[in-house]
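Residue numbers start at 1 and run along the sequence shown. Every number for a ligand or one of its atoms is a count from 1 in the order of the listing. Everything quoted here is computed from the prediction, not taken from an experiment.
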Amino acid sequence: MDEFLAADIYVIGTPMYNFSIPSALKAYIDQIVRIGRTFTFTPENPTTPYQPLVLDKKMYIIAVRGGSGFGVGGEYEQMNFQTPYLATVFGFIGITDITFVEMENNELGGEELKEAIANVRAEIARLAGSL
Ligand SMILES: Cc1cc2nc3c(=O)[nH]c(=O)nc-3n(C[C@H](O)[C@H](O)[C@H](O)COP(=O)(O)O)c2cc1C
């Protein structure tokens, strides 16, 4: 918890596992989304019972998927509980400035995979250069 709160910038790399995130990342999230540390809960205030406490932070999420079509406008967009979930749960505690780098077709191999990796590396280098 202290380590998490001490950071100014977060970088998360995660695959999609069964339309969501791996259980290890979920376990980490369950350690850091805590009443009184990362958000407040005041049920006596029905209009705004939840208030975020992790403010003025920046997050980068590299989200990888073996298949494709899970992005915005994709055939399987409604089955994507990976990136929407991460935006929701980190937004809930106050981290709303999130840049997603998404990579699909990770299981295809061959030239398509090489090209996808090169594109993602270029995007990450561009983002790191702008820090
Ligand atoms: C248990 C498991 C579940 C997966 N579920 C999905 C999925 O729902 N959709 C998808 O596109 N890829 C899925 N994949 C593929 C992974 O997202 C992809 O291969 C990723 O790069 C694996 O990362 P890792 O090697 O760090 O585990 C799954 C892979 C595993 C092992």
Identify all N/O pairs between ligand 1 and the protein with a separation under 3.5 Å and present them as a table of atom names and distances.
from, atom 1, to, atom 2, distance (Å)
ligand 1, 5 (N), M16, O, 3.4
ligand 1, 5 (N), N18, N, 2.8
ligand 1, 8 (O), N18, N, 3.2
ligand 1, 8 (O), F19, N, 2.9
ligand 1, 11 (O), G66, N, 3.2
ligand 1, 11 (O), G67, N, 2.8
ligand 1, 12 (N), G66, N, 3.1
ligand 1, 14 (N), M16, O, 3.3
ligand 1, 17 (O), M16, N, 3.4
ligand 1, 17 (O), M16, O, 2.7
ligand 1, 17 (O), G66, N, 3.4
ligand 1, 19 (O), E107, OE2, 3.1
ligand 1, 21 (O), N106, ND2, 2.3
ligand 1, 27 (O), Y17, OH, 2.5

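- Contact detail for I98 and A87: the closest heavy-atom pair is CD1-CA, 4.1 Å.
- Between F19 and Y76, every side-chain heavy-atom pair lies at or beyond the 4.5 Å cut-off.
- Annotation: side-chain contact (heavy atoms from CB on, under 4.5 Å) contacts of L5 (sequence neighbours excluded): M1, R37, T38, V54.
- Under the side chain to side chain contact (heavy atoms under 4.5 Å, CB included) test applied with R65, the options E107, E102, M103 reduce to a single match, E102.
- Remark: the backbone N or O of Y10 is not paired with any side-chain donor or acceptor of K57 at under 3.5 angstrom.
- For the pair K58 and Y60, the distance from NZ or CZ to the six-membered ring centre is under 6.0 Å and the angle to the ring normal is within 45 degrees.
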